Amino acid sequence: MTTMTEASVREFKMPDVGEGLTEAEILKWYVQPGDTVTDGQVVCEVETAKAAVELPIPYDGVVRDLHFPEGTTVDVGTAIISVDVGGGSAAPAPAAEQPAAEQPAAAAPAEEPKAAGSGRQPVLVGYGVATSSTRRRPRKGPEVPVQQASTAIQTELNGHAPTAPAPAPAAAQAVPAGPDRPLAKPPVRKLAKDLGVDLTTVVPTGPDGIITREDVHAAVAAAVPAAPEPSVASAPAAAPASYDTARETRIPVKGVRKATAAAMVGSAFTAPHVTEFVTVDVTRTMKLVEELKADKEFAGLRVNPLLLIAKALLVAIRRNPDVNASWDEAAQEIVVKHYVNLGIAAATPRGLIVPNIKDAHAKTLPQLAESLGELVSTARDGKTSPAAMQGGTVTITNVGVFGVDTGTPILNPGESAILAVGAIKPQPWVHKGKVKPRQVTTLALSFDHRLVDGELGSKVLADVAAILEQPKRLITWA
């Protein structure tokens with residue numbers, strides 16, 4: 001076996017995958033000590049305060065050590081993996097000892113960032129290695145295979161170990177993992193990790209062999225037998241706490257949820273919020289949506305009311321440009337933006353995120369439809385990049401998809417206005433002097449009263465409502 005020298009060992013440090021982020025949580029390791037890696041190969045998935053990101057290694061070699069286990073939050077600039085780039089091979093860890101991912105970091109000297117083009121990931125200035133802030137995710141207990149968990153639960157319920165189950169039919173048995181890891185999206189991997197499910201044992205039912213959330217839950221249900229019925233004469237035994245029967249579930253506040261909470265608290269107690277409401281007949285807008293769906297210019301694009309609401313807001317901003325601004329506290333200035341990066345609030349398994357469409361003001365209606373479709377699809381897949389959530393100027397939040405009539409949205413930090421769109425539903429409405437059923441919705445505009453006064457905020461909201469009531473204004477006001 002080739003002996004490795006310290007000179008041939010490279011330390012890959014946690015990079016700043018966003019702008020100014022100071023830490024990230026290791027969600028999943030895709031390699032283990034002894035594995036060969038190549039330049040550009042993804043070695044782990046991490047979650048920052050903004051998104052889940054896969055990290056590629058910047059050089060070739062053999063993995064020597066993983067310095068932190070999955071679930072650990074690591075400071076930017078801290079070494080997370082050691083790779084022997086000298087062509088040596090890593091010695092395998094003893095079978096009975098702690099896995100390499102649980103061992104402390106190797107005491108290798110910190111490596112200074114190299115110049116561009118050298119293959120090293122530069123560390124952002126100001127985010128060096130902290131001495132005590134790295135922390136481990138709270139765990140309920142050691143992770144064990146699902147079958148072991150099943151045996152432990154049945155033993156506690158029955159007072160004795162269960163009889164070994166018969167082998168599963170060959171068609172239902174999982175294929176042993178090959179060189180490629182099981183196919184699953186990041187939220188599904190996290191769910192499996194939280195439930196202690198080994199994805200290599202799960203039979204996929206999704207397209208192209210992708211493991212779904214339902215597949216993970218099915219694996220848990222198949223592995224854990226049902227508790228026996230208690231006899232009438234005896235008092236029922238206390239059921240052990242589990243994912244389904246526990247009276248409480250504690251979820252660590254971290255990642256996207258932690259950043260969202262901090263941002264909303266900061267926004268609510270920094271910017272003086274004012275919210276105005278208007279109820280509007282959008283029957284003509286809904287008819288236009290149906291017409292656009294049949295238009296060849298929108299073939300293959302998703303056309304819905306949100307598309308025309310977004311366009312209406314962009315027109316209203318063009319007519320009232322001072323609403324598209326931000327407050328610079330340090331300089332005591334109002335910064336008016338001559339571009340619109342339109343944020344769309346999206347609910348994802350990792351929490352609420354607000355990616356934005358860059359330069360939305362310059363897009364045609366078909367281009368805006370395409371951008372909206374890509375934004376929603378990327379957010380649902382958990383692939384929204386940190387850059388996509390930065391630089392927003394104004395936001396739309398569509399609470400109507402949940403059947404909610406309206407709300408008082410909190411401003412996205414750094415923005416001056418946010419438009420909430422309520423549910424669109426038939427209501428009695430006076431139309432041409434007669435009460436008729438019409439498609440009606442309620443809009444709510446929250447704005448920063450330091451730079452948007454009541455007159456300006458009212459004009460913007462009234463313009464959006466007028467366009468949705470008479471969508472031909474998209475042309476006459478353009």
Side-chain angles (χ1 to χ4, degrees), residues 1-17 21-48 52-114 118-124 127-137 139 142-144 177 179-181 189-190 193 198-200:
M1 180 179 296
T2 304
T3 302
M4 293 183 299
T5 63
E6 292 298 325
S8 68
V9 175
R10 304 290 294 274
E11 303 280 0
F12 178 57
K13 299 178 181 180
M14 178 70 75
D16 177 15
V17 295
L21 298 176
T22 60
E23 63 182 19
E25 178 191 351
I26 299 174
L27 291 181
K28 179 71 176 179
W29 282 110
Y30 298 145
V31 296
Q32 294 297 325
D35 290 352
T36 300
V37 294
T38 58
D39 186 0
Q41 177 180 340
V42 173
V43 295
C44 68
E45 180 186 15
V46 302
E47 181 181 29
T48 71
V53 181
E54 292 182 330
L55 298 183
I57 200 78
Y59 31 73
D60 302 334
V62 177
V63 177
R64 180 177 182 183
D65 288 309
L66 306 180
H67 297 326
F68 298 98
E70 296 172 359
T72 304
T73 299
V74 182
D75 291 321
V76 167
T78 303
I80 60 174
I81 181 174
S82 300
V83 176
D84 175 25
V85 298
S89 58
E97 301 207 2
Q98 188 179 15
E102 300 287 345
Q103 295 176 4
E111 190 172 312
E112 294 296 328
K114 293 187 179 181
S118 62
R120 289 290 297 146
Q121 180 72 30
V123 178
L124 191 66
Y127 296 112
V129 179
T131 56
S132 62
S133 60
T134 299
R135 55 191 179 278
R136 178 74 182 271
R137 176 202 299 234
R139 295 178 183 265
E143 292 185 3
V144 295
D180 297 329
R181 60 192 178 93
R189 293 185 180 279
K190 187 174 187 302
K193 181 173 179 293
D198 183 357
L199 287 178
T200 61

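Note that the structure is predicted; figures quoted are calculated from it, not measured. When reading the values below, keep in mind they use all heavy atoms of this one structure, side chains included, and skip hydrogens, waters and symmetry mates.
Contact annotation: the side chain of Phe12 approaches that of Ile80 to within less than 4.5 Å [non-hydrogen atoms, C-beta and beyond]. The closest side-chain heavy-atom distance from Leu27 to Val46 is not below 4.5 Å.
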Carefully, step by step, assess Val43 and Val37 under the rule side-chain contact (heavy atoms from CB on, under 4.5 Å).
-> CA-CA 8 Å; Val43 295; Val37 294; 4.2 Å; yes

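Minimum heavy-atom separation, Gln41 to Thr36: OE1-O, 3.8 Å. The two atoms that bring Pro56 and Gly40 nearest to each other are CB-O, 3.5 Å, heavy atoms only. Scanning all heavy atoms of the two residues, the minimum distance from Ala79 to Phe68 falls at O-CE1, 3.2 Å. Between Gln32 and Val63, the closest heavy-atom pair is O-CB, 3.5 Å. A pairwise comparison of heavy atoms in Pro15 and Val76 identifies O-CG2, 3.9 Å as the closest pair. Taking each heavy atom of Glu25 and Gly71 in turn, the nearest pair found is OE2-CA, 3.7 Å.
Atom CG of Asp35 sits about 15.5 Å away from atom CZ of Arg64, to the nearest 0.5 Å. Distance check, rounded to the nearest 0.5 Å: CH2 of Trp29 to CG of Leu55 gives 8.0 Å. With rounding to the nearest 0.5 angstrom, the CD atom of Glu70 is 8.5 Å from the CD1 atom of Ile26. Atom NZ of Lys13 sits about 14.5 Å away from atom CD1 of Ile81, to the nearest 0.5 Å.
Shown here are the side-chain hydrogen bond (donor to acceptor under 3.5 Å, both in side chains) partners of Glu54, two or more places apart in sequence or in another chain: Tyr30, Arg181. Residues that satisfy the side-chain contact (heavy atoms from CB on, under 4.5 Å) test with Asp60, not counting sequence neighbours, are Thr38, Asp39.
Judged by distance alone, the side chains of Ser82 and Glu11 do bring a donor and an acceptor atom under 3.5 Å apart.
Of the possible polar contacts, none joining the Asp65 side chain to the His67 backbone as a donor-acceptor pair under 3.5 Å is found.
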